[in-house]
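Below is one structure, written out as structure tokens, with a few remarks after it.
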2 protein chains.
Amino acid sequence: MSDTRYFALITLIVFTLTLWFLPPPLHFSLNVWHLFTIFIATIIAILFNLIPIITAALIALAVSVLSGVIEPSKAYAGFSESFILLIVAAFLVSHAVHKSGLGKRLSLHIIQKFGHSTLGLGYSVIATDILIAPAFASNTARSGVLYPIVYALAHDCGSRVEDNTHRRVGSYLMMTSMAGLTISSGLWLTAMAVNPIGVGIAAKMGITITFGSWLLYAFLPTLIAFVLIPWMLYKIFPPELKETPEAPQKAAEALKMMGRISRNEWITAGVFISMLTLWVLSGIFPIDKAAVAFGGLGILMITRVFGIEDFKSQGEILSTLIWFAILFALSTQLVEQGFMNAVSEHFTQYLHGLSWVSIYLLLILIYVVIHYLFVSQSAHLLALFGIFLSIGVEAGVPSELMAMMLLFASNFNATITPQGSSCNAIYLSSGYISAREIYIYGGAVTLLAFLIFMIIGTPWILALT
Amino acid sequence: MSDTRYFALITLIVFTLTLWFLPPPLHFSLNVWHLFTIFIATIIAILFNLIPIITAALIALAVSVLSGVIEPSKAYAGFSESFILLIVAAFLVSHAVHKSGLGKRLSLHIIQKFGHSTLGLGYSVIATDILIAPAFASNTARSGVLYPIVYALAHDCGSRVEDNTHRRVGSYLMMTSMAGLTISSGLWLTAMAVNPIGVGIAAKMGITITFGSWLLYAFLPTLIAFVLIPWMLYKIFPPELKETPEAPQKAAEALKMMGRISRNEWITAGVFISMLTLWVLSGIFPIDKAAVAFGGLGILMITRVFGIEDFKSQGEILSTLIWFAILFALSTQLVEQGFMNAVSEHFTQYLHGLSWVSIYLLLILIYVVIHYLFVSQSAHLLALFGIFLSIGVEAGVPSELMAMMLLFASNFNATITPQGSSCNAIYLSSGYISAREIYIYGGAVTLLAFLIFMIIGTPWILALT
């Protein structure tokens with residue numbers, strides 16, 4: 001450990017202890033204040049890259065359980081969340097997609113068509129995402145579909161984590177696809193699990209949003225975000241390999257080399273398409289998405305496409321499961337113990353006497369920034385969407401504008417932290433991008449989307465209502 | 001897949017479908033009958049080695065959730081069980097014990113003293129277990145202490161999974177240590193989490209068992225089991241390497257070669273001893289054992305004894321977490337939905353008119369055999385101990401004998417299946433033994449213990465009361 005990092009860690013420990021022993025503000029109970037102290041110290045440790053995210057999460061768990069701040073059963077509750085287990089199962093299935101050669105074949109087809117440049121690949125990945133999104137009520141499931149393809153694209157462009165060539169193409173594509181999920185999820189009412197929940201909450205307050213009106217409101221800002229975000233990442237987080245004029249030709253040759261679809265590819269394709277179908281149907285019928293993925297994995301294992309020996313090398317996703325489940329539980333406890341409500345109510349006190357435009361701006365800004373404290377998008381929307389919407393509407397913000405912008409923000413704030421969305425976890429597990437890079441470049445994506453939606457989206461929605 | 005295995009799998013599927021569509025016996029609801037069908041098919045598939053335990057569990061989960069037999073939240077509940085997560089954390093810590101060289105050092109000391117023969121090593125492992133057991137209220141935690149030492153012993157005797165030399169010494173030692181945990185847990189009232197719970201249930205029925213009386217009742221049969229079990233395994237599951245007269249000398253030389261204790265060994269030893277202390281104290285204070293292990297892992301990671309790159313190769317324990325959590329949830333649901341009660345009540349109908357000796361024999365036999373349907377020892381005791389005790393006492397079996405023998409059986413039935421105890425999971429994850437071997441040789445251990453406790457334990461307890 002370098003001296004600077006050592007010093008920074010000591011500073012963080014002193015800061016944390018100080019916070020811990022300060023009298024709690026805003027009439028917080030001692031317990032909730034300690035919980036917040038642990039959580040904020042964890043976030044800072046990850047943000048400044050002092051310790052890896054898994055280490056930070058393990059220590060946060062031990063401190064919060066052993067100090068009695070959280071009961072063990074609540075601290076471990078995240079481990080049995082279906083949507084978190086879905087990440088694990090989808091990641092394991094993605095290994096079979098890779099191993100069977102199916103991922104390679106799909107990616108070669110994409111390179112053959114769009115592989116002239118890395119930027120072109122970036123756009124084609126998001127375009128695919130946007131096209132399949134309306135049928136996917138879960139962006140986590142969608143990330144499970146896109147991830148193996150992006151992984152294969154990176155591999156087939158000669159960009160691997162093992163030999164330290166991840167920055168050639170892979171890191172850029174992973175970050176772009178992760179950012180793309182926030183774009184595709186915001187475009188369609190049915191592209192993200194919490195969108196309809198938000199619409200339901202809005203409906204109770206007399207605000208009607210339909211599939212069509214959502215699409216209309218979202219269309220223009222999403223289109224601009226679709227154009228600008230891959231381009232911005234290309235500038236600030238550039239791939240080492242940019243122009244690849246010979247790639248499509250090479251891909252065509254490689255496809256010829258691969259020959260006919262093998263037994264394992266057929267099985268994987270069958271499982272993958274069945275999973276995809278069931279995930280799409282899970283929007284209509286009560287089908288548990290994680291059970292679908294576990295079942296798919298079971299079939300891949302019984303047919304030996306995915307062997308028991310393949311499990312051995314999949315420890316990365318165990319690490320993801322552990323840190324994500326722990327951070328999710330901490331954040332959920334912050335909500336359950338009333339912390340989030342108290343903070344947002346406190347901030348909105350300062351809104352009195354301001355114009356509705358300022359209030360609107362501030363509310364959306366706070367709503368986005370407070371996502372630093374949330375793990376997963378659902379937890380955030382469920383905790384704060386209703387409160388923010390009613391404060392905005394009472395203060396005179398046009399109700400449809402307020403509702404839509406909060407819903408958009410619930411989607412585009414997802415890449416602000418590694419734990420901001422369960423989708424991020426699967427990309428982070430790849431090793432192509434680091435937690436710190438998500439804080440920086442994911443944060444930049446969120447900022448750009450915030451500006452696009454506020455500056456272009458706001459007048460666009462107002463003009464339509 | 002061989003033709004026989006293929007045929008066996010088809011037979012199992014046909015059998016399962018037949019069972020599924022049969023009218024449920026014993027007034028079972030359709031739901032509980034389907035759950036039992038899924039569970040029994042899973043157990044058979046594992047028992048006959050048709051598919052690996054993880055594959056069987058994944059398919060069982062998918063079928064039971066997608067068919068609506070179990071709600072998703074209940075199917076995933078096992079993943080957040082503290083005692084299951086304890087296995088995961090303890091396994092990860094054991095990797096640090098191995099990697100740091102501490103495991104090697106401890107094992108060399110043991111070989112130096114007891115390493116003349118593999119049988120001697122087997123006895124010394126169990127003796128260590130028995131000596132530390134009264135201070136460990138959790139046999140799962142104790143397996144986390146013993147496992148890295150047994151692992152190191154195997155390694156230092158040149159017996160590894162990677163190069164297929166696991167049967168030389170390792171497989172025997174793993175199986176023996178796993179069997180040893182059932183012996184040590186039955187000797188002391190405080191050596192196993194459910195022992196005091198059972199004593200508490202017995203106390204409500206007017207049966208007083210103290211730390212001392214337990215030890216006295218347990219002493220003779222445990223001593224005989226301690227002598228016979230490692231010897232029997234030595235005969236039926238023999239190590240390839242038996243006599244190693246030169247091993248102590250070699251170990252002494254290797255210890256010299258290792259030199260002074262390294263930084264990483266010191267840190268690991270500190271963490272290991274702290275964990276051990278907190279685990280011992282968790283019998284008195286409300287300390288969550290899994291949080292202790294996760295915290296220990298966090299410290300090992302922050303000091304870089306256990307690196308993030310070490311996680312990558314730890315996928316085996318992810319597989320263990322998944323299958324154990326799934327099977328635990330299925331078994332728990334069988335209890336919650338009343339299946340276990342109905343079955344045991346049904347069987348005890350046939351007891352009317354029999355002598356108390358026959359009833360006693362039958363009850364203990366059923367109690368042991370029914371462990372095939374239970375995942376973890378706690379679930380079993382909590383579900384059936386009270387019922388079996390009251391049936392036995394009402395039928396005239398001496399109450400202390402009935403209580404003690406059921407408590408002993410709760411411990412010695414643990415190795416009857418791979419999922420019979422959370423301790424087994426950690427040994428199985430090592431790769432040194434297979435699920436099928438636990439069914440066979442763990443089953444043999446259970447049978448031998450059953451005979452020892454019934455034939456010698458019964459008159460011994462009667463003589464003392």
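No experiment lies behind these values; they were computed from the predicted model shown. We name chains A, B, ... by the order of the sequence lines, and we start the count at 1 in each one. Just so it is clear, the values below take in all heavy atoms, side chains as well, and ignore hydrogens, waters and symmetry mates.
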Only pairs of heavy atoms separated by less than 4.5 Å count here; which of [options] has the most with chain B?
options: A:K312, A:E81, A:Q314; answer: A:K312
options: A:P286, A:S73, A:A290; answer: A:A290
options: A:I299, A:V63, A:I59; answer: A:I59
options: A:G78, A:S319, A:A60, A:G295; answer: A:S319

Heavy-atom nearest pair, A:A62 first then B:A291, reads CB-O, 3.6 Å

On a heavy-atom basis, the closest approach of A:T55 and B:G298 is CG2-O, 3.6 Å

Q) Quick check: are there more than 12 heavy atoms from other residues, nucleotides or ligands sitting under 6.0 Å from CZ of A:F83? A) yes

Problem - Atom CH2 of B:W20: over 12 foreign heavy atoms under 6.0 Å - result: yes

Is the shortest side-chain heavy-atom distance between [X] and [Y] below 4.5 Å?
X: B:I302; Y: A:L9; value: yes
X: B:I322; Y: A:L92; value: yes
X: B:L321; Y: A:L321; value: yes

Quick one: of [options], who has the most non-hydrogen atom pairs under 4.5 Å with chain A?
options: B:L300, B:L318, B:V65; answer: B:L318
options: B:L61, B:I317, B:V292, B:I54; answer: B:I54
options: B:I308, B:I287, B:L85; answer: B:L85

Honestly, the part of B:A75 sitting under 4.5 Å from a heavy atom of chain A is neither

Cut-off 4.5 Å, heavy atoms of chain A, and the answer for B:L297 is both

* To do: Can you label the angle between the A:F294 ring and the B:F79 ring as parallel, tilted or perpendicular, going by 30° and 60°?
  => parallel

